[in-house]
Amino acid sequence: MPAETERLRQVVDELFHDRLRVTRRDLYSAAAADIHVPAETLALLNEIPEGSYSRGEMLEAIEGAVRDRDEAERETRPERIVALEDTAEAERAIIGDTTLNALIQGPSGPPPDAPPFREPGE
């Protein structure tokens, strides 16, 4: 389990100390009462299906919820934007003594479909 859920593992151990099975609700109540369990981890418990679990099943369900959350975050993470100065092209421009402006690819001047510019009063 990741470090963020390490305290949750301790709560699970304490909860199963004298019980063979617990429900997700039991775990949530115990975790919410522990000030060392972060709110993000409590929210993770909502991803675990309702039901009665053995200790191993509960730990597996928690790990599955962590994996699912991590996969969802990877899918929604935006593509990293890299500054022009940090690209390989910029490095080559420095070596070849080329200005960075030469690397910027974009149209110079107005777009082709723009109306012609006229001075005021024309």
Side-chain angles (χ1 to χ4, degrees):
M1 251 184 239
E4 68 183 14
T5 56
E6 187 54 40
R7 180 59 191 149
L8 185 58
R9 179 186 290 274
Q10 294 170 358
V11 171
V12 168
D13 290 342
E14 293 167 8
L15 196 58
F16 279 96
H17 177 70
D18 58 350
R19 299 163 78 176
L20 294 177
R21 297 190 76 76
V22 298
T23 63
R24 181 192 77 169
R25 188 172 297 201
D26 295 332
L27 175 59
Y28 190 93
S29 296
D34 188 310
I35 63 170
H36 300 291
V37 176
E40 182 178 312
T41 302
L42 288 176
L44 177 70
L45 295 180
N46 290 326
E47 303 302 316
I48 298 172
E50 286 285 345
S52 178
Y53 294 86
S54 68
R55 182 181 179 284
E57 292 168 339
M58 182 64 77
L59 291 174
E60 186 176 311
I62 293 169
E63 289 172 0
V66 169
R67 270 192 313 275
D68 292 346
R69 184 193 58 196
D70 290 345
E71 287 174 12
E73 284 179 4
R74 273 194 297 275
E75 290 173 5
T76 60
R77 192 172 296 142
E79 186 177 320
R80 184 171 167 244
I81 298 173
V82 178
L84 176 62
E85 293 83 5
D86 296 334
T87 63
E89 290 84 2
E91 185 65 29
R92 286 192 295 276
I94 292 168
I95 293 169
D97 199 25
T98 305
T99 66
L100 285 178
N101 287 337
L103 295 177
I104 298 174
Q105 296 178 357
S108 59
D113 59 345
F117 177 76
R118 294 184 332 168
E119 289 291 335
E122 286 183 8

Give the minimum heavy-atom separation between L42 and A32, together with the two atoms involved. CD2-N, 3.6 Å
For residues L8 and L27, determine if any side-chain heavy atom of one lies less than 4.5 Å from a side-chain heavy atom of the other. yes
Nearest heavy-atom pair of D18 and L15: which atoms, and what distance? OD1-O, 3.9 Å
Which heavy atom of T23 sits nearest a heavy atom of M58, and at what distance? O-CE, 3.9 Å
Would you please name every residue forming a side-chain hydrogen bond (donor to acceptor under 3.5 Å, both in side chains) with E119, sequence neighbours left out? none
D34 meets the salt bridge (Lys or Arg N to Asp or Glu O under 4.0 Å) criterion, sequence neighbours left out, with R7
Going by heavy atoms in the side chains, are E6 and H36 under 4.5 Å from each other? no
Looking at OH of Y53 and CD1 of I62, how far apart are the two atoms once the value is rounded to the nearest 0.5 Å? 9.5 Å
Going by salt bridge (Lys or Arg N to Asp or Glu O under 4.0 Å), name the residues that satisfy it together with R19, two or more places apart in sequence or in a different chain. D26
What pairs with S54 under side chain to side chain contact (heavy atoms under 4.5 Å, CB included), at least two apart in sequence or on another chain? R21, E57
Please examine the side chains of N46 and Y28, heavy atoms only from C-beta on, and report whether any two atoms are closer than 4.5 Å. yes
E47 meets the side chain to side chain contact (heavy atoms under 4.5 Å, CB included) criterion, sequence neighbours left out, with A65
Shortest non-hydrogen pair, L45 vs A31, comes out as CD1-CB, 4.0 Å
side-chain hydrogen bond (donor to acceptor under 3.5 Å, both in side chains) filter on D13, not counting sequence neighbours, yields R55
